[in-house]
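Both backbone and side-chain heavy atoms feed into the values below; hydrogens, waters and symmetry mates do not. Counting convention: from 1, in listed order, for ligands and their atoms alike.
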Amino acid sequence: MDEGKWTIGIESTAHTFSFGLVDPDGIPYPSVGDTIKPLEGGIHPREAADHHRDYAAELFRRVLESQNLSSNDIGAIAYSQGPGLGPCLRIGASVARTLSSKLEVPLIGVNHCVAHIEIGRQQCDCDDPVLLYVSGGNTQVIAKLQGKYRVLGETLDIGIGNMLDKFARQQGIPFPGGPVIEKLAKEYIDEHPDATLNGLELPYPVRGMDLAFSGILTAAQRLIEKGHSIGAVCWSLQEHAFAACIEVAERALAHSGKKEVLLGGGVACNNRLREMSTLMAQERESTSHAPPRMYCIDNGTMIGLLGYIELKAGRKTPFESSGIDQYMRTDDTIVIWS
Ligand code: ATP
Ligand code: FE2
């Protein structure tokens, strides 16, 4: 990597195609991106990939413009190598390879989950946190142990964001449903400050250190069918699902002896989740951190930052091993940086 040059990060694991920049000193700058929003139903991987392909040239131009740069200022290309949807990842990887060979700069494929951790550590100035990574596709509790980010607990079925989006869709709320559920839940509790969960109970989705969200989704739908208001059910859904995640994170703190919790992933935008995490951390004489919302959701900047860190530590991705890995695990990546 040339000294004095910038790193571009390309994120393409699912709905979002996003380009972000990291300056020569490793300082991240906001991404430019576009998210495909299906009119009905869930995301179709092929359609999302077509969306990403159509936006590639425009997003590359816009991200350079955002910092008044030209392609000569770029010294490295980072991209999400996995995990994610195959067709989407392939578009990101092929755009990255094209840019790397055209600009004659190094290429670095990075682990998307690890990128969520590193942008959070950088933004929140965390040293060695337990990460609660809550997004559409992923729900994991992670901590660094013996040179790798280890998954201490995770969802056994769907991701928490996916569960929220599915519940929302059943109520006719378009993707992404998480923010609307947050708003409805807040309105409900603001109007009913003495509300209790009596009659609004849902299954508690903790399984040892793991989680499972499909049962709670079905049960929440039943509460709606029984005539409970959507606001009440959204509130109960958040209270149960978030408490479960926080409980697993708390146990991870206890087992690992760490003192910081770091939230990441799109669901970490949620104020109620942030509040619960802060309360739990205070009770344990620990601290809770969450990066700005633009760095919780999928973004190219976090990919650029991890690429910058890995290149600096001496890693790069030769073309012959630049293929994507849909099933890449958080603990597949050896942490060669500190
Ligand atoms: P990954 O590839 O890491 O699984 P993703 O494709 O799900 O990520 P993200 O941008 O990390 O993308 O997260 C999107 C999810 O975050 C959606 O499920 C969305 O409903 C949820 N979300 C966004 N904002 C909120 C919020 N305020 N409250 C709850 N959920 C939210
Ligand atoms: Fe993500």
Please indicate whether any nitrogen or oxygen in [X] is less than 3.5 Å from any nitrogen or oxygen in ligand 1.
X	value
G136	yes
G137	yes
G265	no
G178	yes

| task | Indicate yes or no for a side-chain donor-acceptor contact from R315 to the backbone of E310 under 3.5 Å, with no hydrogens or angles considered. | result |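 Pair absent, no side-chain N/O of R315 close to backbone of E310.
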| Check: F213 main-chain N/O paired with D157 side-chain donor or acceptor under 3.5 Å |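 Indeed, once roles are kept as given, a pair shorter than 3.5 Å links the two residues.
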Give the residue and atom name of whichever protein heavy atom lies nearest to [atom], and the separation in Å to one decimal.
atom	answer
atom 11 (O) of ligand 1	G266 N, 3.0 Å
atom 28 (N) of ligand 1	N270 ND2, 3.0 Å
atom 1 (P) of ligand 1	S135 OG, 3.3 Å
atom 18 (O) of ligand 1	D165 OD2, 2.6 Å
atom 10 (O) of ligand 1	D298 N, 3.1 Å

| field | Heavy-atom gap G84 to ligand 1 smaller than 4.0 Å | value |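 Heavy atoms of G84 never come under 4.0 Å of ligand 1.
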| said: Just to check, does Q238 reach to within less than 4.0 Å of ligand 1 when the distance is taken from its heavy atoms? | reply: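 For ligand 1, residue contact (heavy atoms, under 4.0 Å) with Q238 is absent.
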| request: Check R121, K258, K144 against D128 for a side-chain hydrogen bond (donor to acceptor under 3.5 Å, both in side chains) and give me the one that passes. | output: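 Per the side-chain hydrogen bond (donor to acceptor under 3.5 Å, both in side chains) rule, the option paired with D128 is K258, out of R121, K258, K144.
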Which ligand 1 atoms are under 4.0 Å away from a heavy-atom of [X]?
X	result
I297	10 (O)
E182	26 (C), 27 (N), 28 (N)
P176	19 (C), 20 (O)
Y133	1 (P), 3 (O)
H112	1 (P), 2 (O), 3 (O)
H15	6 (O)
G161	18 (O)
H116	3 (O)

| task | Answer side chain, backbone, both or neither: which part of A14 comes under 4.0 Å from ligand 1, heavy atoms only. | result |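 Answer for A14: side chain.
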Pair [X], [Y]: side-chain N/O donor-acceptor within cut-off below 3.5 Å:
X	Y	value
Y149	E118	yes
S288	S277	yes
S31	T301	yes
T16	T35	yes
E11	N299	no

| Worked check of side chain to side chain donor-acceptor pair (under 3.5 Å) between H112 and D298 | CA-CA 9 Å; H112 173 94; D298 286 349; 3.2 Å; yes
| said: the Fe ion (ligand 2) and C113: any N/O/S contact shorter than 2.8 Å? | reply: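 Checking C113: none of its N, O or S atoms is under 2.8 Å.
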| query | Any N/O/S of E11 under 2.8 Å from the Fe ion (ligand 2)? | reply |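 No N, O or S atom of E11 is closer than 2.8 Å to the Fe ion (ligand 2), so no.
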Could you tell me whether [X] and [Y] make a salt bridge, using a distance below 4.0 angstrom between a side-chain N and a carboxylate O?
X	Y	answer
E154	R207	no
R46	D50	yes
E65	R62	no
E250	R284	yes

| said: Would you say the ring centers of Y295 and H116 fall short of 6.0 Å from each other? | reply: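 Aromatic pair excluded; centres sit 6.0 Å or further apart.
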| For the Fe ion (ligand 2), what is the closest N, O or S atom on D298? |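 Within D298, restricted to N, O or S, the Fe ion (ligand 2) is closest to atom OD1.
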| said: With carbon and hydrogen excluded and only N/O/S kept, which atom of H112 is nearest the Fe ion (ligand 2)? | reply: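 Nearest to the Fe ion (ligand 2) within H112's N, O and S set: NE2.
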